[in-house]
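Reading through the structure tokens given below for one structure.
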Amino acid sequence: MRMRRILGLALAAATLAGTSALGAVSAEAASSPNITRDECTAAGGQVTARPYGATTCTLPDGTSQTIT
């Protein structure tokens, strides 16, 4: 009985660790990539340069992305 409990806890910990790693990879893949000035204007966006800040592209749907 004690061996089953230990194996069950080990299996639960391994499953949780695998899920956490998968979630981190999925979050990285879901983040939006950077965009260039040409891609921004071609998509109908507006390029905004902020002093001491990053240059961003504001797209017509309201989202903003950093320009590389």
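Hydrogens, waters and symmetry mates are skipped; everything else that's a heavy atom, side chains included, is used. Residues take their numbers from the sequence shown, with the count starting at 1. Keep in mind it's a predicted model, so treat the numbers as computed, not measured.
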Query raised in the report: Just how far is it from atom CG of D38 to atom SG of C57, taken to the nearest 0.5 Å?
Result: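 D38 CG to C57 SG: 11.0 Å, rounded to 0.5 Å.
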
Query - Rounded distance (nearest 0.5 Å) linking atom OG1 of T41 with atom CD of Q46 - result: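 Going from OG1 on T41 over to CD on Q46, the span is 11.5 Å.
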
Query raised in the report: Is the shortest heavy-atom distance from the side chain of I67 to the side chain of T56 under 4.5 Å?
Result: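 When only atoms from C-beta onward are counted, T56 and I67 do not touch, as no gap falls below 4.5 Å.
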
**Report entry** Flag side-chain contact, heavy atom, 4.5 Å: R37 against T55
**Finding:**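 Yes - at least one pair of side-chain heavy atoms lies under 4.5 Å apart.
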
Query - By side-chain contact (heavy atoms from CB on, under 4.5 Å) - contacts of D61 (at least two apart) - result: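 By the side-chain contact (heavy atoms from CB on, under 4.5 Å) rule, D61 matches L59, T63.
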
Query raised in the report: Closest heavy-atom contact between G44 and P60?
Result: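 Nearest heavy atoms, G44 then P60: O-CG, 3.4 Å.
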
